[in-house]
Amino acid sequence: MNSIASLGVSALFLAQSWAAPTNMSRCGDWTTREWDAIVVGAGTAGIIVADRLSEAGLTTLLLEQGGPSYGITGGTERPAWLKDTDMSRVDVPGLYKSIFDGNTKLTCGPEVVSSTQACAIGGNSAINAGLYFQPPASDWDDYHPEGWHSSDVQPATDRLLQRQPPVTQYSTDGDYYLQSGYEAARAWLTEKAGYKQVAFDEQPDEKENVFGRPVFNYIDGQRGGPTRTYLQSALKRRNFHLQTGAAVDYIIQKGGQATGVHVTVDNQEKDIQLSASGRVISSAGALLSPKLLMYSGIGPKDVLSDLAAASRTPYTDPWSWVVNENVGQGLFDNPNTFIELSGPSIESYTYSYADPPQEDKELFLRSRSGPYTFASQTSAFWSYVNHEDGSRTGVQGTIDSSGFSGFTNNHTITLNVYGTSGMLSAGRVVLSSDGKFTAGPSSDVYYSNPRDAHDIATFIHSIFQSLPASTPDSPAEDDGLTPLNLPQSSTVDEIYEYITTPSAYAVGAVQHWSSSCRLGTCVDGDTKVLGTENVHVVDASIVSPLTVNPQFGIMVAAERGAEKILDSFGL
């Protein structure tokens, strides 16, 4: 990692050599002026916050440690079949899995974070599947504090939907592709398990025993997201500046009053100043926002002490600390189980980065149609497991177009089962003990409370009862499905044991990190870090576990967070 010689501080975010600094504004020398708002992280939330603050007239600096991603940002990572286009691999929905296979500069290095996270413009919205499910109103009402209930965030939701409408018809030719898995899952869940077929974009509150097509944030057959919407409007303003290749080492603060940030850019260290009423907003993500705060002398006392003892922060004296024990606490990720399903009617489809089928390649290039216009999920479904005390645990399933790991023949698809809202298990953001102080999750994120695993096992057992009795030796007939890696006859206890035993199919990280600096405990209702005067967090960190994939909710939180920050400016 980079070192700050005068202080012996290791840089929080490594500006990787490939991420050449890029000036994307008309602001002149961004390093010498004062800023009303400095937003750290040009990701899913940070772009929205920066756009809204600059739209209101605030001079706004958006700092990104990584580099280009989409073609529109100058991204050039692409297979040969895209060479004569203005697209990168990011723009093609069907190539999203290839990013997670490695050989990319879009993700953070292991010296930055011990998780697969994006280090590029757009953040995780540039590398994920783009699933775009609106959370039910109950997520805001039941799990978020006053000021963040469903009625409070409705205007933010409306603004988001206007800027980025949901998409359920992905291919521009109007056809749906790779439908054998969808049809088999529909027959199983709606005809045999009694699930209701729902249009999730039109009925977002329907999440109990419901089945339907996925909703994505695509635009005209390509990946959408805040990079293609909010960022483009921000870049037109003279009071906005996006700087890539800028590694924010720490926030400059005294007694919780921030005066700027310390940045390493182009191998040079610079102090960037706030205006007298300015604010720093960390939008670096649920793993890296807590780390930035900790390196800035804001966080749990024991962590600040460890960093100070190792001279990894300029805040070496206890008097300089802002002790907030909830920084990094409550870290959540959806526990995931892969269930491989086989059936005679299934036609598996595996996406290729370098060499798609010629017909599918031409469909995409010619008209943004075909399988490469979506990210492989063909259907989704939800339910809840209810408890005697009135609480409930959300469970989500998605059906993928192909098998996984040891089950990849032509008649296999993958069911992913996630635990979602209402779960009791959570961990915290920890810094590694190897002297590098890399951010990562603690070991107790998944199933630290046994109720969660029991709920998911109960859910899997319940849907298995609606499958025709079959075994791998005596498979399902017609449009039926046979579980391959987890016997259909498994008891709840046997399923519990399977899903809690680490394997290629169980206890895997989904990388849906959230909830590590929660509203009401780590930050106040205005997103200001408790104990500080002008340091905010607006990203997945402040969002409690949701019933759905988190991206839509994070974008709503960004809209609402920007609104609250503007209120604090009197705007």
Side-chain angles (χ1 to χ4, degrees), residues 22 24-27 35-64 66-75 88 90-91 118 120-128 130-132 134 153 155-167 215-220 222-244 246 279 281-285 289 527 536-540 542-543 550-566 569 571:
T22 301
M24 298 185 72
S25 79
R26 297 175 288 176
C27 283
W35 296 92
D36 296 323
I38 299 175
V39 182
V40 181
T44 309
I47 289 173
I48 295 174
V49 172
D51 178 47
R52 290 306 189 189
L53 298 187
S54 63
E55 179 184 48
L58 299 176
T59 56
T60 304
L61 174 63
L62 179 58
L63 298 174
E64 169 56 45
S69 52
Y70 299 70
I72 199 171
T73 70
S88 77
V90 169
D91 294 285
I121 297 173
N124 288 340
S125 68
I127 69 171
N128 62 17
L131 289 165
Y132 195 58
Q134 182 174 337
V153 303
T157 301
D158 292 341
R159 291 194 299 273
L160 173 60
L161 289 170
Q162 183 177 16
R163 185 67 71 93
Q164 175 76 79
V167 172
V215 183
F216 292 103
N217 67 340
Y218 300 158
I219 299 173
D220 298 330
Q222 296 179 208
R223 181 188 293 272
T227 301
R228 292 191 61 193
T229 51
Y230 292 86
L231 182 60
Q232 301 312 306
S233 57
L235 286 170
K236 297 175 183 177
R237 302 187 186 109
R238 294 186 178 276
N239 61 323
F240 172 83
H241 179 91
L242 167 63
Q243 183 66 40
T244 63
R279 299 178 181 274
I281 302 97
S282 181
S283 298
S289 276
T527 73
H536 297 253
V537 175
V538 183
D539 60 19
I542 69 173
V543 178
Q551 181 165 315
F552 191 107
I554 293 168
M555 295 172 78
V556 170
E559 279 276 12
R560 177 62 172 163
E563 181 183 339
K564 301 292 277 186
I565 293 169
L566 287 171
F569 275 101
L571 298 174

Of all residues at least two apart in sequence or in a different chain, which pass the salt bridge (Lys or Arg N to Asp or Glu O under 4.0 Å) check with [X]?
X	result
E55	R52
D91	none
R228	none

Is there a side-chain contact between Y230 and V49 in this structure, where contact means two heavy atoms from C-beta onward sitting under 4.5 Å apart? no

Taking it one step at a time, do D36 and L53 satisfy side chain to side chain contact (heavy atoms under 4.5 Å, CB included)? CA-CA 9 Å; D36 296 323; L53 298 187; over 6 Å; no

For the pair [X] (side chain) and [Y] (backbone), establish whether a donor and an acceptor sit closer than 3.5 Å, ignoring hydrogens and angles.
X	Y	value
N217	G224	no
T227	G225	no
S283	V538	yes

Measure the [atom1]-[atom2] distance between [X] and [Y] for me, rounded to the nearest 0.5 Å.
X	Y	atom1	atom2	result
S125	I554	OG	CD1	9.5 Å
T73	L235	OG1	CG	10.0 Å
Q243	L61	CD	CG	8.0 Å
I281	S289	CD1	OG	11.0 Å
R159	R560	CZ	CZ	8.5 Å

So, T59 versus N239: side-chain donor-acceptor pair below 3.5 Å or not? no

Taking atom types as modelled, is there a side-chain donor on D51 or S233 under 3.5 Å from an acceptor on the other? yes

Minimum heavy-atom separation for [X] and [Y], please, with both atom names.
X	Y	result
V543	G553	CG2-O, 4.4 Å
N124	A118	OD1-N, 2.9 Å
G75	S88	O-CB, 3.6 Å

[X]: which residues meet the side-chain contact (heavy atoms from CB on, under 4.5 Å) condition with it, sequence neighbours left out?
X	result
A126	S69, Y70, V90
Q134	T157, L161, P204, F552
A42	I47, L62, E64, L242
A56	L566, L571

Determine, step by step, whether I72 and L231 satisfy the side chain to side chain contact (heavy atoms under 4.5 Å, CB included) criterion, reporting the C-alpha distance in whole Å, the side-chain angles of both residues, the deciding distance to 0.1 Å, and the verdict. CA-CA 10 Å; I72 199 171; L231 182 60; over 6 Å; no

The criterion is side chain to side chain donor-acceptor pair (under 3.5 Å); which residues satisfy it with [X], sequence neighbours excluded?
X	result
R279	H536, S568
Y218	none
N128	R223, Q551
S54	R237

Do NZ/NE/NH1/NH2 and the carboxylate oxygens of R163 and E559 come within less than 4.0 Å? no

